[in-house]
2 protein chains.
Amino acid sequence: MGDLVETEQLIKKTARDIFFQKGRLKATTQEIADEAGVNRALIHYYFRSREQLLQVVFEEAVAETRQKIAAIFESDLPFKKKISQYLDVFIDRNFRYPYMQNFIITEINQNPDKEDDYLNKKRENLCRTIFPQLNEEIKKGNMAPVKPEHFIANLMSMCSYPLVAKPILQRMFALDDDGYKTFLQERKQVIYKTLFNEAPPKE
Amino acid sequence: MGDLVETEQLIKKTARDIFFQKGRLKATTQEIADEAGVNRALIHYYFRSREQLLQVVFEEAVAETRQKIAAIFESDLPFKKKISQYLDVFIDRNFRYPYMQNFIITEINQNPDKEDDYLNKKRENLCRTIFPQLNEEIKKGNMAPVKPEHFIANLMSMCSYPLVAKPILQRMFALDDDGYKTFLQERKQVIYKTLFNEAPPKE
DNA sequence: GTCTATAAAGGGATAGAC
DNA sequence: GTCTATCCCTTTATAGAC
């Protein structure tokens, strides 16, 4: 509208909210335009296609988190402390964008080829950083032996699944929305304890 | 075609393969008809809508597994043995229907209201069966204390996430399809060990 | 930059002939 | 029971006026 140069930003912000906060993963360009209070054609004017809008919005939302996580694992904190901080970042991010994980899973399932576009090779690099640290920790006798792949799979599973399967677990445990929030917050401690079989460090 | 009364079954079988084995979760009625070698209109003749075809196929595929799992937890085996058997059933099922979990997650995300239709209250009952057994096991000192909800969440997470996030993990760990199969099979032992902090029982 | 109008494609569902 | 033809709705994308 009258906001001059801000229309592009407005569309991005609106899309981000719709997809990652409200979880309306099938939202149409019309829906986005309506909620932003702009004309549908403007979305194509600025972003060419729905596809590319998603791409941009996703990249931007993911960039900061990725930065933080890389910093954690490249620091010289003790390994377990790193995991503890990773859990903080993860839990934190998912209160701002509760449907990010759903978005990722849904997208890669509907078109596995697109994994490239959304999650480019950064993850591999992260593995190269973490695996040696993990093996070192095992060698020092600080944790039970486990293949790095399985440790990472366990970590990511226990973080992400309760988000993508929220409707299932929420009903199974008969929790209302607030109850489920509490449940998710408790998970930081639980995951740490499950991975290392000991209570997490006090802050 | 000439197969007389078998057309309905043929359509169901084809749909089941497309969705749960091949993972083509967005398959259209046309696609299903083509692959079954029948006319598209027949799908509507037998099942009224794409929606209802899915419903039927899913229910049938899920029924047997649900039966088995209920039987396990209603038996009088030791609790840990039950979990061990649950893991067997789960892993086994997911080699027959590798995309079942993806289907569930994708469906409930695109329409959370439909959880009712697909996964009716049976799960709640299962919780009522398992929770007391779990608390008993903790009381007996056979495992570390944990809220039942988190134990179940951990179990389901570590089973399901590696399936729904296959493209992510596969690339992250640089595994080919066979490598990933092996990885999934290893998980039975890993999950048991992670949950109980001890090696699973020999068969 | 922003709007209206319209093209173009995809896919679910039904009517009616055979 | 099976097929063809058709309807109808949704949604993306663009052309062109303002």
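Every chain is numbered from 1, with letters handed out A, B, ... down the list of sequences.
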[X] [atom1] to [N] [atom2]: how many Å, rounded?
{"X": "Y46(B)", "N": "dT14(C)", "atom1": "OH", "atom2": "P", "value": "17 Å"}
{"X": "Q30(A)", "N": "dC9(D)", "atom1": "CD", "atom2": "C1'", "value": "15 Å"}
{"X": "L42(A)", "N": "dT12(D)", "atom1": "CG", "atom2": "P", "value": "15 Å"}
{"X": "F47(A)", "N": "dT12(D)", "atom1": "CZ", "atom2": "C1'", "value": "16 Å"}
{"X": "I32(A)", "N": "dT11(D)", "atom1": "CD1", "atom2": "P", "value": "12 Å"}
{"X": "E31(B)", "N": "dG11(C)", "atom1": "CD", "atom2": "P", "value": "8 Å"}
{"X": "K26(A)", "N": "dG10(C)", "atom1": "NZ", "atom2": "P", "value": "19 Å"}

Next on the checklist: Please enumerate all residues that pass ring-ring contact (aromatic ring centres under 6.0 Å, His included) together with F183(A), with sequence neighbours excluded.
Outcome noted: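 Testing F183(A) for ring-ring contact (aromatic ring centres under 6.0 Å, His included), a comparison that skips the adjacent residues, returns F173(A), Y180(A), H150(B).
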
Checklist entry - Does any N or O in the side chain of T14(A) come within less than 3.5 Å of the main-chain N or O of L10(A), such that one atom is a donor and the other an acceptor? => result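 Pair found, side chain donor or acceptor close to backbone of L10(A).
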
With sequence neighbours left out, what residues match [X] under side-chain hydrogen bond (donor to acceptor under 3.5 Å, both in side chains)?
{"X": "Q133(B)", "answer": "K82(B)"}
{"X": "E137(B)", "answer": "N142(B)"}
{"X": "K22(A)", "answer": "E35(A)"}
{"X": "D178(A)", "answer": "none"}

Next on the checklist: Can you build the contact string for nucleotides 13-18 of chain D? Use B for base contact, S for sugar-phosphate-only contact, and - for no protein heavy atom under 4.0 Å.
Outcome noted: BB----

Next on the checklist: Side chain of N39(B), heavy atoms from C-beta onward: which of dC3(C), dC3(D), dT2(D) has the nearest atom to it?
Outcome noted: dC3(D)

